Amino acid sequence: MNIVVCVKQVPDTATERKLRSDDKTLDRDAVDGVVNELDEYAVEEALKLKEAHGGEVTVLTMGPGKATETIRKALAMGADKAVHLIDDALHGSDALGTSYAMAQALKKIGFDLVILGSESTDARTGVLPAMLAERLGTPQLTLANKVEVDGSSIKIQRITDYGFDRVEASLPAVVSVVEKINEPRYPSFKGIMAAKKKPVETLGVADAEIDAAQVGLDSSWSQVVDFAPAPPRAAGTIVKDEGDGGAKAAEFLASKKFI
Amino acid sequence: MLWVAIIGLVMTVVAVAVAGRRALFLFKLATVGPPAPERIQYAKDNAGAEIKTQLVEVLGQKKLLKWTPSGVAHFFVMWAFFILLTVYIEAYGAIIQGAITGRPNFHIPLIGQWPVLGFLQDFIAVACLLGLVAFAVIRLRESPAKLGRGSRFSGSHLGGAWLVLFMIFNIIWTLFLARGAAAANGNLPYSSGAFVSIPLGQVLPASGLLEEIALLLHIGFMLVFLIIVVNSKHLHIFTAPLNVLFSRRPDGMGAVPEMRVDGKPVDFEDEDLDPERLGRGKIGDTTWKGFLDFYSCTECGRCQSQCPAWNTDKPLSPKMLILDQRDHAFAVAPYLMAAANGGNGHEDTDVLALLNKPLVGEEGVIHPDVLWSCTNCGACVEQCPVDIEHIDHIIDMRRYQVMVESSFPSEAGVMVKNLENKGNPWGMSEMKRADWIAELDFEVELVEEKMPEDAEYLFWVGCAGALEDRAKKTTKAVAELLHIAGVKFAVLGPMEACTGDPARRLGMEYLFNMLAQQNIETLNEAGVKKIVATCPHCFNTLANEYPQLGGMFEVVHHTQLLAKLVDEGKLTPITPIEEKITYHDPCFLGRHNKVYSQPRDIMSKVPGVQTQEMHRHKDRGFCCGAGGARMWMEERIGKRINTERVDEALTTDPDTVSTACPFCMVMLGDAINEKKNSGEAKESLEVVDVAQLLIKSVKTPV
């Protein structure tokens, strides 16, 4: 089975994230990049499926040069090879542009199954899995906490507010996973050594037959108009109870229109 | 008589041949694994110190005498082996002389008739006998049948131990029979001094046959004993001195040894490095020093009796860790040796399954729960009378599990990821590392590329000291004390990263290397010479492990520096603290680095403080449970180690528990909070660092 895992390098959630003042996109140079956590679960699930059914796991990422760190990490975990979609023309693409570019790359690579995390910790749109499936014309099975492949069909358990749905589809398909699905392995040193020698193919916009007019900041349907840092948290109001504490608290809540 | 000599010599030749064959086997088995050239090199380079260690530890029995009754008993039994060599010279001399002249009245030339020697021989034989009685009493009183898991002999081969005692007893009674008979026949070389043998001669009949039979029995028992020794745990009488010779000095604590493949330190940049060969994954990966550990263990169980994991009902016993490996090594010995010779001849056995049996695994020699229970506290290493290096075994097995198998408690994976991404185990932003400075009302200098000209020390704050709330109090106290004492220092702030200790203790040598090299580069570029650290784990790593990677700094722990400042009068505790305080020894400060007195000195200078030692303190201090990267793992089996320690602290009815390690503070603090919730500890009970006590006393109350 030919599995492609889409991974994304995101700024470390523990650091202070900034937008660039010039084009209002994420300042990737100012922060440490890490693998989007949910994508690690996607890689793990792909590796598990490969271990059970055989085949090959390919990592696909779209991002600047720095994103190779993320590719190496996924390869160290055990993926076989990687494709890095890298082109300045892709900078600033929104979800629509990204999904189009990724879909083009996926068509070029070929796949039986695409697995990805259900959202990224930076943009958090959570729409990419659905958009990809739509663009690829395959079934979408999202928010999986359990995946089973049987021949040419795939079954997942899709978590919902009320429990879970069982969803079944035929391959090829796109699956997005949640963190409950597994426990991502930590790369062994053996894996880290081996990752250095695994093939990484780079694709530009032209290589992947991407129409440059449909991607990038200028072609994005959504635009960041303005941004401002979150204001520092204001000191709260302390009500001292001098017998009238209840009344004062009620007054405060009323003034904020809570009661 | 000729027949006596013939029987005696034939017995000897046969027994020596059998024992010699076994010795050759043991040597070949021990050397099937990778070499350990660093051990030989160290012994060569430090010959003087090694001789001294042999005198003090082997002949002087320093470590055994830590336990008085069994230590004294062992001292005499061991010295009996040396002194009674002279009796065996006399015995062999007697049977040979008897064959030649017909009368077995041999004596050792020159000193052989000296009454002092006669006395010494009788004395040590009697002392040995008393030693045997003591051993028997100890074995009966501390029998596993009675004490179960609480017995230090639990898990040991008991039958073998009794057999050894019985054989030594046989040697001693035949000694007196032979010497008594010799005295009766006028053949004893001593006319006075031999205070047991001579009177015995007066009651025994003057019979030549009795003397000859006794001599043969005395020699015979010794020869049987020799064969038993080389085939049992009693092998230690030959291997222990060697193990002491090749063990790490001053002991198997402090630094974790460099990781080696085929005797060469591993270079992670090396493209040809075989990633399958990191650490120890099967018994054949054990160096001869590891085998010496196996051969030297006498199953005495002192390690087990001190182990925090064993004492809180976890499956790890340091003794069984060694024994299980040893038993497995003997079980696969023929195949191991055949494989080393490239031969076969074992077609009927699934040799590969045996040889490749994982050293660690659910179905392996060592269960993963055993491996991951170790806190690296060193209590076992400290106690082991034959210098077995348990921690080194644990670390090497962890290295294989982590780096080759990627198999370790998943909780620790979070810590490893945080170290990789953020340089601290909590995954907090490095920018937060200097936040504590803003909470002080004086300036603290930050290193900007170079150490400030006037700064004497680099204050290594550590991740806990910079980021963890309780430890931050210690950091601020130390900074303020140094400020008051006029000691100039600077901190690295965001440039500091974890020393790599938790990664290394987990077995993640690769990550340790990355962090350590990065820190050494930062420190060298800043021109740092002297470092003061508050965390004993940082302290140990900086002082003892960074030299392995070329990082040479003069490192002190804050308690050492503060004790010195108090001594020099630069800090004067004046405000009384009227409290009963018990001090908990952090393992990495105490046992690993022998800093026991300075924290106590500081407390003794604070007026009003009443100190009360816990039962287990100083070199027998009981771990808090956080060492060996256990801080970042769940403790699911048995009683929690920190609860056990706090239970002990509570027996001293303290107002305050003091310590000198941020991890001990967290562990003890958590356990105390639980005790408060259940009403077993008073609400006012607190855990503080000794630096916090000192600052409180140095400042006048406002």
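The chains referred to below are lettered A, B, ... by the order of the sequence lines, with proteins before strands, and numbering in each begins at 1. What you see is a predicted model, and the numbers here were worked out from it, not measured in a lab.
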Nearest 0.5 Å, please: how far is [atom2] in [Y] from [atom1] in [X]?
X       : Y       : atom1 : atom2 : answer
K422(B) : D32(A)  : NZ    : CG    : 4.0 Å
L273(B) : K190(A) : CG    : NZ    : 13.0 Å
S188(A) : E276(B) : OG    : CD    : 8.5 Å

Heavy-atom pair of closest approach, residues D270(B) and M193(A)
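Between these two residues, the closest heavy atoms are O-CE, 3.9 Å.
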Would you say that more than 12 heavy atoms from the other residues, nucleotides or ligands in this model lie under 6.0 Å from the [atom1] of [X], or not?
X       : atom1 : answer
E411(B) : CD    : yes
K146(A) : NZ    : no
K198(A) : NZ    : yes
K155(A) : NZ    : no
D150(A) : CG    : no
K66(A)  : NZ    : yes

Segment of M431(B) engaging chain A (4.5 angstrom heavy-atom cut-off):
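Neither part, no heavy atoms under 4.5 Å.
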Tell me, side chain or backbone of E509(B) under 4.5 Å from chain A's heavy atoms, or both, or neither?
neither
Hey, is E40(A) close enough to K417(B) for a salt bridge, meaning N to O under 4.0 Å?
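Looking at E40(A) and K417(B), the cut-off is met.
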Go through E183(A), R185(A), K196(A), K197(A) and name the one with the most non-hydrogen pairs under 4.5 angstrom from chain B.
E183(A)
Under the ring-ring contact (aromatic ring centres under 6.0 Å, His included) definition, can you give me all pairs with a residue in residues 264-283 of chain B, not counting sequence neighbours?
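ring-ring contact (aromatic ring centres under 6.0 Å, His included) check on residues 264-283 of chain B returns F189(A)-F268(B), F268(B)-Y510(B).
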What residue, out of E405(B), M508(B), E420(B), E430(B), has the most heavy-atom pairs lying under 4.5 Å from chain A?
E420(B)
Could you check which of N418(B), L511(B), D274(B), V404(B) has the highest count of heavy-atom pairs closer than 4.5 Å to chain A?
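Option with the top pair count is V404(B).
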